[in-house]
Amino acid sequence: DLAQAETFWRSHLQGVTAPTPLGITRTQKETAADIANGTHLLSPELTQTLKTFARQHQLTLNTLVQGAWGILLSRYSGETDVVFGVTSAGRPPDLTGAEAMVGVFINTLPARVSVDFDQPLVPWLQSIQTQQACLRQYEYSPLIQVQRWSEVPPGSALFDSIVVFENYPVDPELEAVSQESTAKQ
(Lines give C-alpha, C1' and ligand atoms only; values in the text may rest on other atoms or scores of the structure.)
Protein backbone atom coordinates (compact mmCIF):
# COMPACT_ATOMS: atom_id res chain seq x y z
CA ASP A 1 0.00 0.00 0.00
CA LEU A 2 1.94 2.99 -1.28
CA ALA A 3 -0.49 5.46 0.35
CA GLN A 4 0.43 4.11 3.80
CA ALA A 5 4.09 4.08 2.82
CA GLU A 6 3.89 7.69 1.69
CA THR A 7 2.40 8.74 5.03
CA PHE A 8 5.16 6.89 6.91
CA TRP A 9 8.04 8.25 4.82
CA ARG A 10 6.76 11.83 4.81
CA SER A 11 6.54 11.71 8.61
CA HIS A 12 9.88 9.90 9.03
CA LEU A 13 11.74 12.39 6.82
CA GLN A 14 9.91 15.57 7.84
CA GLY A 15 12.40 18.40 8.17
CA VAL A 16 15.18 16.67 6.23
CA THR A 17 16.04 19.08 3.43
CA ALA A 18 19.54 17.92 2.46
CA PRO A 19 21.71 14.84 2.80
CA THR A 20 23.92 14.60 5.87
CA PRO A 21 27.42 15.44 4.66
CA LEU A 22 30.30 13.23 5.66
CA GLY A 23 32.19 16.35 6.69
CA ILE A 24 35.47 15.03 5.31
CA THR A 25 37.48 17.23 3.00
CA ARG A 26 39.66 15.59 0.42
CA THR A 27 43.32 16.36 0.14
CA GLN A 28 44.93 16.50 -3.26
CA LYS A 29 46.50 13.07 -2.68
CA GLU A 30 43.13 11.39 -2.19
CA THR A 31 40.95 10.36 -5.07
CA ALA A 32 37.22 9.82 -5.03
CA ALA A 33 37.83 6.07 -5.16
CA ASP A 34 39.97 6.24 -2.02
CA ILE A 35 37.17 7.67 0.08
CA ALA A 36 34.14 6.31 -1.74
CA ASN A 37 34.27 2.75 -0.39
CA GLY A 38 35.42 1.31 2.86
CA THR A 39 35.25 -2.18 4.21
CA HIS A 40 36.26 -3.20 7.66
CA LEU A 41 36.17 -6.75 8.94
CA LEU A 42 35.93 -7.15 12.69
CA SER A 43 38.13 -9.61 14.56
CA PRO A 44 36.42 -12.72 15.93
CA GLU A 45 37.10 -11.49 19.47
CA LEU A 46 35.50 -8.09 18.89
CA THR A 47 32.60 -9.71 17.07
CA GLN A 48 31.99 -12.02 20.04
CA THR A 49 32.12 -9.08 22.47
CA LEU A 50 29.59 -7.17 20.36
CA LYS A 51 27.35 -10.25 20.08
CA THR A 52 27.40 -10.67 23.86
CA PHE A 53 26.58 -6.98 24.41
CA ALA A 54 23.78 -7.12 21.85
CA ARG A 55 22.31 -10.29 23.34
CA GLN A 56 22.42 -8.85 26.88
CA HIS A 57 20.43 -5.83 25.75
CA GLN A 58 18.16 -7.57 23.21
CA LEU A 59 19.70 -5.71 20.28
CA THR A 60 20.89 -6.84 16.87
CA LEU A 61 24.44 -6.41 15.61
CA ASN A 62 22.97 -4.36 12.77
CA THR A 63 21.57 -1.92 15.34
CA LEU A 64 25.02 -1.56 16.93
CA VAL A 65 26.61 -0.87 13.54
CA GLN A 66 23.94 1.66 12.58
CA GLY A 67 24.28 3.37 15.95
CA ALA A 68 28.05 3.56 15.56
CA TRP A 69 27.69 4.99 12.05
CA GLY A 70 25.12 7.50 13.29
CA ILE A 71 27.54 8.70 15.98
CA LEU A 72 30.45 8.88 13.53
CA LEU A 73 28.35 10.72 10.95
CA SER A 74 27.15 13.13 13.63
CA ARG A 75 30.69 13.86 14.76
CA TYR A 76 31.99 14.34 11.21
CA SER A 77 29.07 16.47 10.02
CA GLY A 78 28.47 18.43 13.21
CA GLU A 79 24.75 17.55 12.99
CA THR A 80 22.70 15.67 15.58
CA ASP A 81 19.96 14.62 13.15
CA VAL A 82 21.60 12.41 10.53
CA VAL A 83 20.32 10.43 7.55
CA PHE A 84 22.14 7.60 5.84
CA GLY A 85 21.17 4.74 3.58
CA VAL A 86 20.55 1.21 4.80
CA THR A 87 19.95 -1.87 2.72
CA SER A 88 17.25 -4.47 3.11
CA ALA A 89 17.49 -7.96 1.68
CA GLY A 90 14.05 -7.73 0.16
CA ARG A 91 13.46 -11.50 -0.02
CA PRO A 92 10.41 -11.83 2.16
CA PRO A 93 10.42 -15.13 4.09
CA ASP A 94 6.70 -15.57 3.42
CA LEU A 95 7.29 -15.57 -0.37
CA THR A 96 7.38 -19.23 -1.32
CA GLY A 97 10.60 -20.10 -3.15
CA ALA A 98 12.17 -16.64 -2.64
CA GLU A 99 15.61 -18.09 -1.90
CA ALA A 100 15.61 -20.01 -5.19
CA MET A 101 14.59 -17.01 -7.32
CA VAL A 102 17.16 -15.29 -9.49
CA GLY A 103 17.33 -11.52 -9.36
CA VAL A 104 18.20 -8.56 -7.22
CA PHE A 105 15.81 -8.07 -4.34
CA ILE A 106 17.90 -5.53 -2.43
CA ASN A 107 16.45 -2.11 -1.66
CA THR A 108 18.22 0.89 -0.16
CA LEU A 109 16.24 3.22 2.06
CA PRO A 110 16.99 6.16 4.36
CA ALA A 111 17.60 5.67 8.07
CA ARG A 112 17.26 8.73 10.26
CA VAL A 113 19.05 8.82 13.58
CA SER A 114 18.85 11.52 16.21
CA VAL A 115 22.13 11.55 18.13
CA ASP A 116 21.89 12.80 21.71
CA PHE A 117 25.24 12.43 23.47
CA ASP A 118 23.53 12.97 26.85
CA GLN A 119 21.16 10.01 26.40
CA PRO A 120 22.26 6.65 27.87
CA LEU A 121 23.62 4.34 25.17
CA VAL A 122 21.38 1.28 25.55
CA PRO A 123 18.00 3.10 25.47
CA TRP A 124 19.26 5.10 22.49
CA LEU A 125 20.24 1.91 20.63
CA GLN A 126 16.88 0.36 21.52
CA SER A 127 15.12 3.36 19.98
CA ILE A 128 17.13 2.88 16.77
CA GLN A 129 16.12 -0.79 16.69
CA THR A 130 12.45 0.08 17.22
CA GLN A 131 12.64 2.66 14.44
CA GLN A 132 14.26 0.13 12.11
CA ALA A 133 11.47 -2.36 12.84
CA CYS A 134 8.94 0.30 11.78
CA LEU A 135 10.97 1.05 8.66
CA ARG A 136 10.94 -2.66 7.71
CA GLN A 137 7.16 -2.50 7.34
CA TYR A 138 7.68 -0.14 4.40
CA GLU A 139 10.89 -1.57 2.93
CA TYR A 140 9.05 -2.35 -0.30
CA SER A 141 8.93 1.38 -1.06
CA PRO A 142 11.00 2.31 -4.11
CA LEU A 143 13.85 4.66 -3.13
CA ILE A 144 13.01 7.04 -5.98
CA GLN A 145 9.49 7.38 -4.61
CA VAL A 146 10.73 7.87 -1.02
CA GLN A 147 13.00 10.64 -2.30
CA ARG A 148 10.00 12.35 -3.95
CA TRP A 149 8.10 12.16 -0.65
CA SER A 150 10.97 13.81 1.24
CA GLU A 151 11.68 17.53 1.49
CA VAL A 152 15.04 17.13 -0.23
CA PRO A 153 14.97 19.10 -3.49
CA PRO A 154 14.69 17.10 -6.72
CA GLY A 155 18.09 16.32 -8.17
CA SER A 156 19.75 16.17 -4.74
CA ALA A 157 20.68 12.95 -3.01
CA LEU A 158 18.65 11.88 0.01
CA PHE A 159 21.81 10.54 1.69
CA ASP A 160 25.56 10.62 1.05
CA SER A 161 26.54 7.42 2.84
CA ILE A 162 25.19 3.88 3.00
CA VAL A 163 25.65 1.24 5.68
CA VAL A 164 25.50 -2.27 4.29
CA PHE A 165 25.35 -4.86 7.06
CA GLU A 166 25.97 -8.37 5.84
CA ASN A 167 25.46 -11.19 8.27
CA TYR A 168 25.75 -14.49 6.48
CA PRO A 169 25.46 -17.83 8.22
CA VAL A 170 28.71 -19.71 7.95
CA ASP A 171 28.76 -23.42 7.20
CA PRO A 172 30.21 -25.11 10.32
CA GLU A 173 32.75 -27.01 8.18
CA LEU A 174 34.03 -23.78 6.60
CA GLU A 175 34.20 -22.11 10.01
CA ALA A 176 36.30 -25.01 11.37
CA VAL A 177 38.71 -24.72 8.42
CA SER A 178 38.94 -20.95 8.94
CA GLN A 179 39.68 -21.38 12.66
CA GLU A 180 42.36 -24.01 11.91
CA SER A 181 43.98 -21.65 9.40
CA THR A 182 43.92 -18.77 11.90
CA ALA A 183 45.40 -20.97 14.65
CA LYS A 184 48.33 -21.97 12.39
CA GLN A 185 49.24 -18.34 11.70
Side-chain angles (χ1 to χ4, degrees), residues 1-42 59-92 98 102-117 119 121 124-168:
D1 182 355
L2 282 181
Q4 277 186 326
E6 179 178 1
T7 301
F8 170 80
W9 288 112
R10 284 189 187 278
S11 173
H12 181 65
L13 297 171
Q14 185 176 10
V16 175
T17 58
T20 304
L22 286 172
I24 300 172
T25 57
R26 288 187 241 178
T27 65
Q28 291 181 348
K29 293 180 182 178
E30 293 176 320
T31 66
D34 292 334
I35 64 171
N37 295 303
T39 299
H40 185 77
L41 300 176
L42 303 179
L59 297 166
T60 65
L61 285 175
N62 188 27
T63 298
L64 296 182
V65 170
Q66 287 185 18
W69 185 251
I71 290 170
L72 186 70
L73 192 54
S74 175
R75 297 263 180 171
Y76 280 176
S77 69
E79 297 180 18
T80 57
D81 185 19
V82 298
V83 177
F84 53 91
V86 294
T87 57
S88 64
R91 288 187 186 264
V102 176
V104 178
F105 284 73
I106 294 174
N107 195 10
T108 304
L109 294 168
R112 185 177 189 179
V113 175
S114 179
V115 180
D116 180 356
F117 293 105
Q119 184 177 6
L121 179 65
W124 178 71
L125 289 169
Q126 289 169 337
S127 72
I128 291 173
Q129 185 160 296
T130 300
Q131 181 182 27
Q132 289 304 310
C134 289
L135 185 145
R136 294 291 176 230
Q137 295 177 47
Y138 303 100
E139 66 185 0
Y140 59 84
S141 306
L143 177 58
I144 190 123
Q145 194 62 47
V146 173
Q147 177 134 5
R148 286 185 191 127
W149 296 327
S150 76
E151 297 173 25
V152 174
S156 296
L158 187 52
F159 42 81
D160 281 349
S161 63
I162 300 173
V163 173
V164 178
F165 184 84
E166 296 178 345
N167 186 20
Y168 297 111

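- Counting only heavy atoms from C-beta outward, the side chains of D81 and T20 never approach each other to under 4.5 Å.
- No side-chain N or O of S150 forms a donor-acceptor pair with one of W9 less than 3.5 Å apart.
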Open item on the list: Run S77 and L22 through side chain to side chain contact (heavy atoms under 4.5 Å, CB included) and show every step you take.
Closed with: CA-CA 6 Å; S77 69; L22 286 172; over 6 Å; no

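- Under a cut-off of 6.0 angstrom, the local environment of CZ in R10 is crowded, with over 12 non-hydrogen atoms contributed by other residues, nucleotides or ligands.
- The closest donor-acceptor contact from the side chain of E151 to the backbone of T17 lies at 3.5 Å or more, if one exists at all.
- Rounding to the nearest 0.5 angstrom, the gap separating the CD1 atom in I71 from the CZ atom in F117 is 6.0 Å.
- Among L158, L2, T7, the one residue that satisfies the side-chain contact (heavy atoms from CB on, under 4.5 Å) test with W149 is L2.
- A donor-acceptor pair under 3.5 Å is formed between the side chain of S74 and the backbone N or O of E79.
- A cation-pi contact, defined as under 6.0 Å to the ring centre and within 45° of the axis, is absent between R112 and F84.
- With rounding to the nearest 0.5 Å, the separation of CD in E139 from SG in C134 is 12.5 Å.
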Open item on the list: Between I128 and V113, does the side chain to side chain contact (heavy atoms under 4.5 Å, CB included) criterion hold? Intermediate values first, please.
Closed with: CA-CA 7 Å; I128 291 173; V113 175; 3.9 Å; yes

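- Taking OG1 of T87 as the start and CD1 of I162 as the end, the distance is 8.0 Å to the nearest 0.5 Å.
- Using a 4.5 Å cut-off on side-chain heavy atoms (C-beta onward), L13 and P110 make contact.
- Between the N107 side chain and the S141 main chain, a donor and an acceptor come within less than 3.5 Å of each other.
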Task: Step-by-step side chain to side chain contact (heavy atoms under 4.5 Å, CB included) determination, Q147 to I144 - done: CA-CA 5 Å; Q147 177 134 5; I144 190 123; 5.6 Å; no

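- Within the model, atoms CD of Q131 and CD of Q66 stand 9.0 Å from one another, a figure rounded to the nearest 0.5 Å.
- Heavy atoms only, all atoms of each residue included: V83 and F159 are closest at O-CB, 3.9 Å.
- T60 and T63 share a side-chain donor-acceptor pair at under 3.5 Å.
- Side-chain contact check for V86 versus T108: every heavy-atom pair is 4.5 Å or farther apart.
- Between atom CG of residue L64 and atom CG of residue L125 there is a gap of 6.0 Å, rounded to the nearest 0.5 Å.
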Task: Audit row: Q4, Y138, side chain to side chain contact (heavy atoms under 4.5 Å, CB included) steps and yes/no - done: CA-CA 8 Å; Q4 277 186 326; Y138 303 100; 4.1 Å; yes

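- Across every non-hydrogen atom of S161 and W69, the tightest pair is OG-NE1, 3.1 Å.
- For the atom pair CD (Q137) and CG (D1), the distance works out to 12.0 Å, reported to the nearest 0.5 Å.
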